[in-house]
*Asks:* 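Have a look at the structure that comes next, please.
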Amino acid sequence: MPASAAPPLTVRVLLFASYADTLGLDSVELSLEQPATVGHALERLRALPGGDRLPPKPLCALNLTHVRPDAPLSGGDELAVLPPLAGG
Amino acid sequence: MPASAAPPLTVRVLLFASYADTLGLDSVELSLEQPATVGHALERLRALPGGDRLPPKPLCALNLTHVRPDAPLSGGDELAVLPPLAGG
Amino acid sequence: MGYLTTSPIDLPELVARVQSPVRGGIASFLGTVRNHHGGRAVARLEYSAYGPMVEAECARIVAEAQSRWKVAVVLEHRIGVLQIGDTAVAVVAASPHRDEAFVACRYVIEEVKRRVPIWKREVYADGSVEWVGAAAGGAAAQQGGEQQVTADFGEATS
Amino acid sequence: MGYLTTSPIDLPELVARVQSPVRGGIASFLGTVRNHHGGRAVARLEYSAYGPMVEAECARIVAEAQSRWKVAVVLEHRIGVLQIGDTAVAVVAASPHRDEAFVACRYVIEEVKRRVPIWKREVYADGSVEWVGAAAGGAAAQQGGEQQVTADFGEATS
């Protein structure tokens, strides 16, 4: 199977504010089978303790830019899962 | 004639900015036959030296409030003839 | 009384007058003296006013804004000699809702420009002087402006 | 870099950064800390941020405003512990035309609220603490918010 022939990729996931409290983590490294999307990383987060309390479609940013859950991940990406914004 | 039976009324007319320059006057008292309107006062102003250079329908205020040329005048009124506004 | 000043306008002081713990959104507008007008280089401006009517008209405009929207408004217009960059007019509107703060602030500055009897004389770099808006084109514009102001006032007061 | 600060926001200093002799109209917005939220008395707020993304997103928002309108824009958001009445965010837009100054200022604050990753934790008078927008209702609102942000970004970046 060509898809699993590629080595797993590693992304750094950042959690903030209420989500950091929920998971008890500010950041975590995830190793994902290729090809991987933001949605796949979110599935892995949900398996962590407290991860079931994340909303169905949290706001996400990849390398400092807002993205949809179907955005593809590359090795070394920084994925941020953002609670409801409250600036301003 | 009942209209001319009433005594003339006196109004104070204030001129500002370019209009004061045009007529060489900051203020003038006008005595007008009753009933009189803002338009009648303007006709009298036009007869003064330089008065022919007033625009056809200058902006006017009566007792500190914007009015139309058909607004009636009473004795003691303060009528201001206002050049194009340039505040702000 | 108090909408006209001959002193420099102090924006933080105006903000402090309308700010409150329940009015979290504060919109403001400053009109400052530009260095050109109609292609000519302006050295300074001399603002004059029909003082008592400025006070009366500004009070009406502020009251209109405060009755239409949930805002506290302050307004100040400077007169006298102003240099390039000086603030000629300031409007600050504070509200619990930023939408109302913006709309009220905009309303007040538009009405000030349309209704408040203030004039300015531009002194150009070459020493010549001209009343702003008083040229031939100004008189024509004035006629339209007059109709708009009085038409609106006819409605507002009848 | 420079959109985030932990120091008090200085409005006149921000105005001075965008004012120029050709930009006579200056619109600004201040968001200040209110003393209540959802009916509860707030004692103070603690703002936190995803700093690098705040800087990137604010730079994009300012660039968007400056490309759409003839304006110079400054934007600053304070984080850390803020007291009631403190200014949390300031936007200043200066333009030759006041209409563009107002529209750009409004655009920037709306986009900041919609797109910039900053969070606040309210500390109530009774000592309890809550993330703003993180309650059950917040999660539902978030879902809608997420779709709006990413839909817009999908268009903007595709």
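We name chains A, B, ... by the order of the sequence lines, and we start the count at 1 in each one. Every value quoted in this text rests on a predicted model; they were computed, and no experiment measured them.
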*Asks:* Give, for atom CG of A:L15 and atom OH of D:Y50, the distance between the pair rounded to the nearest 0.5 Å.
*Replies:* 11.0 Å
*Asks:* With a 4.5 Å limit on heavy-atom distance, are the side chains of D:R60 and A:T65 in contact?
*Replies:* yes
*Asks:* Can you tell me if CZ on A:R46 sees more than 12 non-hydrogen neighbours from other groups inside 6.0 Å?
*Replies:* yes
*Asks:* A:L14 versus chain D, heavy atoms under 4.5 Å apart: side chain, backbone, both or neither?
*Replies:* side chain
*Asks:* Do D:W119 and A:S18 have side-chain heavy atoms sitting under 4.5 Å apart?
*Replies:* no
*Asks:* Could you look at D:A90 and say if it's the side chain, the backbone, both or neither that has a heavy atom under 4.5 Å from chain A?
*Replies:* neither
*Asks:* Would you mind checking which part of D:Y47 comes under 4.5 Å of any heavy atom in chain A, side chain (CB onward), backbone (N, CA, C, O), both or neither?
*Replies:* side chain
*Asks:* Pick whichever of D:I109, D:T32, D:I118 has the most heavy-atom pairs under 4.5 Å with chain A.
*Replies:* D:I118
*Asks:* Quick one: what part of A:N63 sits under 4.5 Å from any heavy atom of chain D, side chain, backbone, both or neither?
*Replies:* neither
*Asks:* For a quick test of your reading: what N or O donor-acceptor pairs under 3.5 Å do the side chains of residues 75-84 of chain D make, sequence neighbours left out?
*Replies:*
unit_1	atom_1	unit_2	atom_2	d
D:E76	OE2	D:R17	NH2	3.2
D:H77	ND1	D:A88	O	3.2
D:H77	NE2	A:G88	N	2.7

*Asks:* Kindly compute the distance separating CZ (D:R115) from CG (A:L59), expressed to the nearest 0.5 Å.
*Replies:* 11.5 Å
*Asks:* Of all the heavy-atom pairs spanning D:V132 and A:A86, show the shortest one and how long it is.
*Replies:* O-CB, 4.1 Å
*Asks:* Checking D:S95 now: which residues fulfil side chain to side chain donor-acceptor pair (under 3.5 Å) with it, not counting sequence neighbours?
*Replies:* none
